[in-house]
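Source: prediction; values computed, not measured. Protein chains get the first letters and strands the later ones, always in sequence-line order, with residue 1 at the start of each.
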2 protein chains.
Amino acid sequence: MFFSKTCEYAIRAVIFIAQKSEGGKKVGIREVAAGIDSPEHFIAKILQDLSKRQLIQSSKGPNGGFYIGDASRRHTLADIVSAVDGDKVFKGCGLGLKICSETKPCPLHNQFKEIRKKMQVALQSATIGEFNESLNLGLSYIKER
Amino acid sequence: MFFSKTCEYAIRAVIFIAQKSEGGKKVGIREVAAGIDSPEHFIAKILQDLSKRQLIQSSKGPNGGFYIGDASRRHTLADIVSAVDGDKVFKGCGLGLKICSETKPCPLHNQFKEIRKKMQVALQSATIGEFNESLNLGLSYIKER
DNA sequence: AAAATAAAAGACTAAAAACTCTTTTATTTC
DNA sequence: GAAATAAAAGAGTTTTTAGTCTTTTATTTT
Ligand code: FES
Ligand code: FES
């Protein structure tokens, strides 16, 4: 709705990996897929991409897996979204005009502008690792059952 | 981004028809397509659907076309969005959890809730016909050039 | 009543997004 | 250094969304 399916999975996976790899551990792709309830090979592709972009880290071989280093932990969810879906959720016109502009605004421009701003603030102020505690305590969830 | 392409076209078309049919005139499908810069046959399908749902009116034959009667003019853009895209933009979880709930919220639930609320208020308080003047004055636009 | 007009309906095709499967490469353990 | 492990890479398929084309039906004008 706001994001592509790919992006939804990406956000959930990153939050999951941040939580599970907090103590320096690594998480296998199978565990990630199970942990966020996503297709295994699909999330694998997504994580490959995020890894190439340095938003998460990975290592091959036994005891390998995905993890999030201290540097990457400082990234925000806005960085993930931009990497996967681009900036349309922050800059695009809600009515589908090719460019959103102040000089040729659509009838709902001001409303959309506010909504996009709210989205940006929410995602930019959310660092990748900040949900660990809430998840651990069962106060928030990244999959259903 | 917020809506499907179909829904973006639908909103723009409805606003366009409301403007053009203000004095009781009717608008042909070709004029609509040109007026909002959309594929002619595609918007035709969409308008057929909106017409069946009574959100707009149409009449066949010479001097026929689409128009918006007084009753339909009272509808809001939220009605259009609901008809085309359902209620996911008002109720769906931003991270793709199957249901958004207070008891099992995703880590960004509160933020998304606010954003969705803002969206709902914006669309529910915008009646179909209220943009005519602004469009006529060239203060807002529903197509680029 | 015939011709013209315009939407409705139906059956397509094309492109994009979502998802799957197989092979390769890197790393570690024994 | 062979076997095992785990991600990377590549090449698909499936499903959904977007868009097109053709035929039919309703209405009006002449
Ligand atoms: S022009 Fe539509 S949101 Fe700015
Ligand atoms: S659970 Fe995700 S928005 Fe409510």
Chemist: Taking atom P of D/dT5 as reference, at what distance in whole Å does atom CZ of A/F66 sit?
Modeler: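 Between P of D/dT5 and CZ of A/F66: 18 Å.
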
Chemist: Report the distance from atom CD1 of A/I29 to atom P of D/dT5, rounded to the nearest whole Å.
Modeler: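 Taking CD1 of A/I29 and P of D/dT5, I get 18 Å after rounding.
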
Chemist: Does the plane of the ring in A/Y9 sit parallel, tilted or perpendicular to the ring in A/F42? Use 30° and 60° as the thresholds.
Modeler: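 It falls in the perpendicular class, over 60°.
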
Chemist: May I have the distance from A/K26 (atom NZ) to D/dA6 (atom P), rounded to whole angstrom?
Modeler: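 These atoms are roughly 11 Å apart.
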
Chemist: Rounded to whole angstroms, how far apart are CD1 on A/I46 and P on D/dA8?
Modeler: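 Value for this atom pair: 13 Å.
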
Chemist: To the nearest Å, give me how far apart CG (A/L47) and C1' (D/dA6) are.
Modeler: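 My rounded result for the distance is 13 Å.
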
Chemist: Closest approach to the side chain of A/T6, judged atom by atom: which nucleotide of C/dA18, D/dC21, D/dA9 is it?
Modeler: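 Shortest atom-to-atom distance from the side chain points to C/dA18.
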
Chemist: Under 4.0 Å, heavy atoms only, any strand: does A/K45 hit a base, just the sugar-phosphate, or nothing?
Modeler: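 Counting heavy atoms under 4.0 Å across all strands, the contact made by A/K45 includes a base.
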
Chemist: Does the side chain of B/Y141 come within less than 4.5 Å of A/P105's, by heavy atoms?
Modeler: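 With C-beta onward as the side chain, the pair touches.
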
Chemist: Mind telling me whether A/F2 and B/F2 have parallel, tilted or perpendicular rings, with 30° and 60° as the class edges?
Modeler: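 It falls in the perpendicular class, over 60°.
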
Chemist: Can you see if the side chain of B/Y9 gets near the phosphate of D/dG19 - specifically, an N or O under 4.0 Å from OP1 or OP2?
Modeler: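 B/Y9 to D/dG19 OP1/OP2: side-chain N or O found under 4.0 Å.
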
Chemist: Given C/dA26, D/dA9, D/dT20, which nucleotide is nearest the side-chain atoms of A/K60?
Modeler: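 For the A/K60 side chain, the nearest candidate turns out to be C/dA26.
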
Chemist: Ignoring the backbone of A/H41, work out which of C/dC21, D/dA18, C/dA9 is nearest its side chain.
Modeler: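 The nucleotide sitting nearest to the side chain is C/dC21.
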
Chemist: Want to settle it: does B/S59 or A/C7 sit nearer the 5' end of DNA chain C, counting the closest nucleotide to each?
Modeler: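 The answer here is B/S59.
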
Chemist: Nearest whole Å is fine: how far is C/dA6 C1' from B/I56 CD1?
Modeler: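 In whole Å, C/dA6 C1' lies 14 Å from B/I56 CD1.
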
Chemist: Rounded to the nearest angstrom, tell me the gap between atom CD in B/E31 and atom P in C/dA7.
Modeler: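 Atom CD in B/E31 sits about 10 Å away from atom P in C/dA7.
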
Chemist: Kindly indicate whether the side chain of B/Q19, heavy atoms from C-beta on, has any atom under 4.5 Å from the side chain of B/I15.
Modeler: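 Counting from C-beta outward, B/Q19 and B/I15 never come under 4.5 Å.
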
Chemist: Please classify the nucleic acid contact of A/V32 as base, sugar-phosphate, or nothing, using heavy-atom distances under 4.0 Å.
Modeler: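 A/V32: no heavy atom of the nucleic acid under 4.0 Å.
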
Chemist: Rounded to whole Å, how long is the line connecting atom NZ of A/K52 with atom C1' of D/dA7?
Modeler: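 For the pair A/K52 NZ and D/dA7 C1', the rounded distance is 12 Å.
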
Chemist: Please determine whether a side-chain nitrogen or oxygen atom of B/N63 lies at a distance below 4.0 Å from atom OP1 or OP2 of D/dT29.
Modeler: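 B/N63 to D/dT29 OP1/OP2: side-chain N or O found under 4.0 Å.
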
Chemist: Does B/L108 reach the side chain of A/L123, with side-chain heavy atoms less than 4.5 Å apart?
Modeler: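 Yes. Closest side-chain heavy atoms under 4.5 Å.
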
Chemist: Would you mind telling me which of C/dT5, D/dT20, C/dA8 lies closest to the side-chain atoms of B/P62?
Modeler: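 Of the candidates, C/dT5 comes closest.
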
Chemist: Check the phosphate of C/dA7 against B/S58, side-chain N and O only, distance under 4.0 Å to OP1 or OP2. Yes or no?
Modeler: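 False: B/S58 side-chain N/O out of range (4.0 Å or more) of C/dA7 OP1/OP2.
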
Chemist: Respond yes when some side-chain nitrogen or oxygen of B/S51 is under 4.0 Å from OP1 or OP2 of C/dA8, and no when none is.
Modeler: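 Affirmative; the distance criterion is met.
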
